[in-house]
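These figures come from a predicted structure and were not determined experimentally.
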Amino acid sequence: MVKKLLIAEDNKFTAMQYKKFFEANGYDVDIFNNGLVCFQKFENELRYRKIVLKDKTPPYDYVMLDQDMPKMTGSEVSEKIHKQCPRQRIIFLSAYGQSIMQSNESTKDSYLQIMQKPFSLEFLLNKITPKSFSSIKRSSQENNLLTATQSPETIR
């Protein structure tokens, strides 16, 4: 079964890199350059799954969000998605890890991760393998959000 990704990234170069890389690794990728259109696509896919397919599972394997985007921030998109589909896995791909953690304090579950930029695409691919998302230990009981960073020496 093909894995599906929904990505919101306003930097055209970065967005194209994500799309090419993940498609080359067998993923079906929907990518948008603003948060509002990304959320609308998510809503449409969720509605289709519920009404047509009679399926209550999340429409994407992962939703990947940049924080700073036009029309709606990543945190706003995440909050709206979480209200409609609490089991949807969301990964922030951003240099603003601390502000995202503060913005998403109400979402303290295993469905939200933060990938601190910069990172290599191979590092990200390894993080979205099925065992990686749930097997990493949380750093504290108080804040259950997961933040992953990559050592600068390993980034190419």
Side-chain angles (χ1 to χ4, degrees), residues 1-12 14-94 96-97 100-117 119-138 141 143-148:
M1 185 163 89
V2 175
K3 297 230 179 238
K4 291 182 68 174
L5 301 177
L6 175 61
I7 302 174
E9 172 61 62
D10 64 329
N11 180 295
K12 288 181 183 181
T14 303
M16 190 52 63
Q17 293 297 322
Y18 289 153
K19 186 164 180 64
K20 286 180 181 180
F21 179 79
F22 285 114
E23 286 178 347
N25 282 282
Y27 286 82
D28 181 20
V29 180
D30 291 329
I31 194 158
F32 299 95
N33 66 359
N34 78 64
L36 179 60
V37 177
C38 175
F39 177 67
Q40 290 169 340
K41 175 64 174 177
F42 179 85
E43 272 188 316
N44 290 338
E45 289 295 317
L46 184 63
R47 191 175 307 119
Y48 174 79
R49 289 185 75 80
K50 286 181 178 179
I51 295 170
V52 176
L53 300 178
K54 307 288 187 219
D55 185 355
K56 295 181 181 180
T57 61
Y60 292 92
D61 293 291
Y62 297 95
V63 174
M64 298 181 181
L65 304 170
D66 187 23
Q67 175 62 5
D68 287 335
M69 291 183 298
K71 305 202 180 185
M72 191 182 288
T73 67
S75 292
E76 291 168 334
V77 174
S78 172
E79 184 178 317
K80 288 180 176 285
I81 287 174
H82 190 71
K83 283 181 182 174
Q84 290 191 15
C85 186
R87 292 183 10 222
Q88 177 61 63
R89 294 177 181 164
I90 299 171
I91 301 176
F92 280 94
L93 308 174
S94 180
Y96 303 104
I100 294 168
M101 288 170 63
Q102 292 169 356
S103 298
N104 290 280
E105 284 194 42
S106 63
T107 310
K108 295 182 181 197
D109 58 38
S110 62
Y111 296 102
L112 180 65
Q113 282 191 21
I114 301 168
M115 295 286 298
Q116 186 78 33
K117 288 180 180 177
F119 52 80
S120 69
L121 293 174
E122 290 82 9
F123 181 76
L124 177 57
L125 181 63
N126 287 332
K127 292 297 175 188
I128 67 170
T129 57
K131 64 181 178 179
S132 295
F133 198 88
S134 60
S135 66
I136 299 172
K137 300 267 189 257
R138 304 286 174 195
Q141 296 288 14
N143 185 351
N144 204 23
L145 292 176
L146 177 70
T147 303

Arg49: partners by side-chain contact (heavy atoms from CB on, under 4.5 Å), with sequence neighbours left out: Leu53, Asp55, Thr57, Pro59

Do any N or O atoms from the side chain of Gln67 and from the backbone of Ser75 form a donor-acceptor pair under 3.5 angstrom? yes

If you round to the nearest 0.5 Å, how far is NZ of Lys3 from CG of Asn25? 13.0 Å

Between atom CD1 of Ile81 and atom CD of Gln88, what is the distance when rounded to the nearest 0.5 Å? 6.5 Å

Using every non-hydrogen atom in the two residues, find where Met69 and Glu9 come nearest and quote the distance to one decimal. SD-N, 4.0 Å

Which atom of Ala15 lies closest to which atom of Ile31, heavy atoms considered: O-CD1, 3.2 Å

Those residues at least two apart in sequence (or on a different chain) that pass side-chain hydrogen bond (donor to acceptor under 3.5 Å, both in side chains) with Glu23 are Lys19

Let's go through Asp61 and Ile128 carefully: what are the C-alpha distance in whole Å and the side-chain angles of both, what is the deciding distance for side-chain contact (heavy atoms from CB on, under 4.5 Å) to 0.1 Å, and is it a yes or a no? CA-CA 9 Å; Asp61 293 291; Ile128 67 170; over 6 Å; no

Basic-acidic side-chain contact under 4.0 Å: Lys83, Glu79: yes

What distance separates Phe42 CZ from Leu65 CG, expressed to the nearest 0.5 Å? 10.0 Å

Interatomic spacing from CE in Met64 to CZ in Arg89 - rounded to 0.5 Å: 11.0 Å

Gap separating the CD1 atom of Ile114 from the CD1 atom of Ile91, nearest 0.5 angstrom: 11.0 Å

Taking all heavy atoms of Gly74 and all of Phe92, pick out the closest pair and write down the distance. C-CE2, 3.4 Å

All ring-ring contact (aromatic ring centres under 6.0 Å, His included) counterparts of Tyr18, not counting sequence neighbours: none

Do the side chains of Asp66 and Leu93 get nearer than 4.5 Å, heavy atoms only? no

Go through the structure and list residues passing side-chain hydrogen bond (donor to acceptor under 3.5 Å, both in side chains) with Asn44, not counting sequence neighbours. Arg47

OH of Tyr60 to CG of Leu6, rounded to nearest 0.5 Å, is 4.5 Å

Salt bridge (Lys or Arg N to Asp or Glu O under 4.0 Å) involving Lys54 - partner list, sequence neighbours excluded: none

For Phe22, what residues pass the ring-ring contact (aromatic ring centres under 6.0 Å, His included) criterion, not counting sequence neighbours? Tyr27

Sequence neighbours left out, cut at 3.5 Å: what donor-acceptor pairs do the side chains of residues 32-40 make with other protein atoms?
from, atom 1, to, atom 2, distance (Å)
Asn34, OD1, Leu36, N, 3.0
Asn34, OD1, Val37, N, 2.8

Can you list everything that forms a salt bridge (Lys or Arg N to Asp or Glu O under 4.0 Å) with Lys4? Sequence neighbours excluded, please. Glu45

